[in-house]
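The structure appears right after this line, and notes come after that.
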Protein chains: 2
Amino acid sequence: MVRRTKEDAQETRNRILDTAVEVFNRQGVAQTSLNDVAREAGVTRGAIYWHFANKVAMFDAMIERLVCPLMFNAADRDARLAADPLGFIRAATDEFIGMMLNDASFRRVFEIFWHKCEYVGEMANLRDSHLEEGENHIDILQRAFALAQEKGLMNRLLTPHQATIGLIGQVDGLLFNWTKNPDMFPLASYAPCILDAWFRGLTAPVDAA
Amino acid sequence: MVRRTKEDAQETRNRILDTAVEVFNRQGVAQTSLNDVAREAGVTRGAIYWHFANKVAMFDAMIERLVCPLMFNAADRDARLAADPLGFIRAATDEFIGMMLNDASFRRVFEIFWHKCEYVGEMANLRDSHLEEGENHIDILQRAFALAQEKGLMNRLLTPHQATIGLIGQVDGLLFNWTKNPDMFPLASYAPCILDAWFRGLTAPVDAA
DNA sequence: TTTTACATACATTCGTGTATGTATGTAAAT
DNA sequence: ATTTACATACATACACGAATGTATGTAAAA
């Protein structure tokens with residue numbers, strides 16, 4: 001039973017990528033052969049080599065399919081950012097954490113990124129090429145923090161860029177450690193109050209001393 | 001020229017492990033064959049299989065050789081912790097960050113842990129077995145935060161455990177992102193003020209409202 | 001009829017584990 | 001002080017599976 005129509009082919013491609021996420025997550029990217037993916041997807045390596053040049057290209061396609069948090073791409077982004085910069089930032093982080101909690105397939109991809117992948121050679125290049133996306137997020141957050149300072153909503157002990165780096169580090173670190181070992185702490189209940197404390201450090205009044 | 005004495009053998013073993021760090025860091029753990037390590041260390045696979053059962057055992061030996069931050073193991077640890085809990089915690093984080101900045105071989109091992117290693121199968125088991133070490137650090141920090149609350153040095157909006165998880169997340173996240181891309185931000189100048197802000201969130205007075 | 005979307009078959013390379021060889025150290029017997 | 005007997009510390013060689021990329025076959029779609 002061979003699939004031929006364009007829709008069928010697209011479905012095959014998606015099934016390969018879905019399967020790749022599962023197998024990568026279970027065996028690691030480097031330890032996974034294209035045959036492993038093919039077998040579990042119910043196709044042969046021929047199908048994989050038809051759709052993708054090699055494993056790295058397949059991994060890249062897996063990334064491209066990722067739906068990024070919506071906050072950063074929403075149409076009314078700049079308006080919301082201007083109206084309540086700190087609220088926007090907090091909503092964006094909550095959205096990201098929420099996706100990690102609720103969207104299993106989203107979470108599984110990040111588990112691969114963080115714990116089941118070696119960034120060397122072509123994989124390192126691939127990551128670097130996707131790094132610009134992250135720089136875009138940094139820019140947006142930085143602008144929001146700058147606006148918050150202009151509005152007097154936060155102190156000036158951190159530059160907007162430092163605040164951005166700090167927040168991203170806090171969020172990434174929490175999610176990294178939680179995905180590494182979910183038994184370490186309950187993310188859903190811990191993240192909100194930890195982030196409350198984090199933002200409290202920004203809004204605390206500065207001693208004149 | 002073959003080495004025979006015990007000292008020579010130990011030197012060979014160390015050279016293999018030193019080389020392994022370099023090669024793992026360059027090629028990734030999974031992508032590195034024992035032949036790669038042997039060639040660069042100036043021995044054959046025979047030497048490696050003499051000293052280690054396989055690659056995982058070699059990786060484990062690499063971890064065992066790691067000198068952990070001293071703060072947690074110092075003789076006067078509990079005394080310093082009791083005298084100034086928040087100061088102790090801050091000094092411990094500064095020490096860890098300082099080692100990442102100044103000790104290149106220490107940093108290279110963490111680069112492997114975080115970016116050049118897939119935690120699946122035996123490697124996942126190995127990591128889990130070393131996880132207890134981390135739990136010990138968590139216990140110490142948690143006790144320190146609890147003491148700080150008893151002394152009225154910090155507010156009670158976070159439990160000691162939540163504060164611990166938050167701090168570890170902040171530090172790990174900063175170091176993880178910095179080792180991923182050192183050009184992202186200057187760690188040496190950013191870390192102190194970001195941590196200042198973090199602790200400010202703990203010590204900020206709580207609104208009665 | 002020509003592509004498309006795969007499956008099948010093949011050649012080659014590479015890594016692992018182990019088995020074996022060997023030169024040297026070392027401790028006890030003589 | 002030698003010699004003996006064995007352990008140590010590797011190097012060399014081999015057998016085996018496994019993964020990759022490509023070349024080719026093929027049936028249905030367009």
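Since this is a predicted model, take the numbers as computed values, not measurements. Throughout, protein chains are lettered first and strands after them, A, B, ... in sequence-line order, and every chain is numbered starting at 1.
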OP1 or OP2 of [N] versus the side-chain N and O atoms of [X]: is any pair under 4.0 Å?
X     : N      : answer
B:H51 : D:dC10 : yes
B:Y49 : C:dG17 : yes
B:T12 : D:dC10 : yes
B:W50 : D:dA9  : yes

I need the [atom1]-[atom2] distance between [X] and [N], as an integer number of Å.
X     : N      : atom1 : atom2 : result
B:F52 : D:dA9  : CZ    : P     : 12 Å
A:Q31 : D:dG17 : CD    : P     : 20 Å
A:E7  : D:dA28 : CD    : C1'   : 14 Å
A:K55 : D:dA19 : NZ    : C1'   : 9 Å
A:Q27 : D:dA18 : CD    : C1'   : 13 Å

Contacts of type ring pair (Phe, Tyr, Trp, His ring centres under 6.0 Å), residue A:F199, not counting sequence neighbours =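 Result, ring pair (Phe, Tyr, Trp, His ring centres under 6.0 Å) vs A:F199: none returned.
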
query = Which residues satisfy the ring pair (Phe, Tyr, Trp, His ring centres under 6.0 Å) test with B:H130, sequence neighbours excluded?
reply = none

ask   = With sequence neighbours excluded, what pairs up with B:D36 under the salt bridge (Lys or Arg N to Asp or Glu O under 4.0 Å) test?
value =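 B:R39.
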
message = Holding to salt bridge (Lys or Arg N to Asp or Glu O under 4.0 Å), I want the full list of residues that pass it with A:D94, two or more places apart in sequence or in another chain.
response = A:R90

inquiry  = Using five base pairs at each end to define the local axes, how bent is the helix from C:dT1-D:dA30 to C:dT30-D:dA1, to the nearest 10°?
reply    =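 What I find for the helix from C:dT1-D:dA30 to C:dT30-D:dA1 is an axis angle of 10°.
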
inquiry  = Closest approach to the side chain of A:T5, judged atom by atom: which nucleotide of D:dA30, C:dG15, D:dT20 is it?
reply    =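 Taking heavy atoms from C-beta onward, the closest nucleotide is D:dA30.
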
ask   = Out of C:dT16, C:dG17, D:dG21, which has the shortest distance to the side chain of B:N54?
value =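 Within the option list, the nearest is C:dG17.
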
inquiry  = Students often mix this up, so state it plainly: with edges at 30° and 60°, are the rings of B:H161 and A:Y190 parallel, tilted or perpendicular?
reply    =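 Aromatic pair B:H161/A:Y190 classed perpendicular.
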
ask   = What class does the angle between the rings of B:F72 and B:H137 fall in, given that below 30° is parallel, 30 to 60° is tilted and above 60° is perpendicular?
value = parallel

Atom pairs and distances, donor-acceptor, side-chain atoms in residues 78-88 of chain B, under 3.5 Å, two or more places apart:
unit_1	atom_1	unit_2	atom_2	d
B:D78	OD1	B:R143	NH2	2.9
B:D84	OD1	B:G87	N	3.0

Residues touching DNA chain C, which here means a heavy atom under 4.0 Å, drawn from residues 35-48 of chain B =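 Residues of residues 35-48 of chain B under 4.0 Å from DNA chain C: B:R45.
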
request  = Applying side chain to side chain donor-acceptor pair (under 3.5 Å), name anything that partners B:S105, two or more places apart in sequence or on another chain.
outcome  = B:D103

Check residues 17-29 of chain B and write down every donor-acceptor pair under 3.5 Å in which the side-chain atom is one partner and the other belongs to a residue at least two apart or another chain.
unit_1	atom_1	unit_2	atom_2	d
B:D18	OD1	B:R65	NH1	3.1
B:D18	OD1	B:R65	NH2	2.8
B:T19	OG1	B:R15	O	2.7
B:E22	OE2	B:R108	NH1	3.0
B:N25	ND2	B:E111	OE1	3.4
B:R26	NH2	B:E40	OE1	3.0
B:R26	NH2	B:E40	OE2	2.6

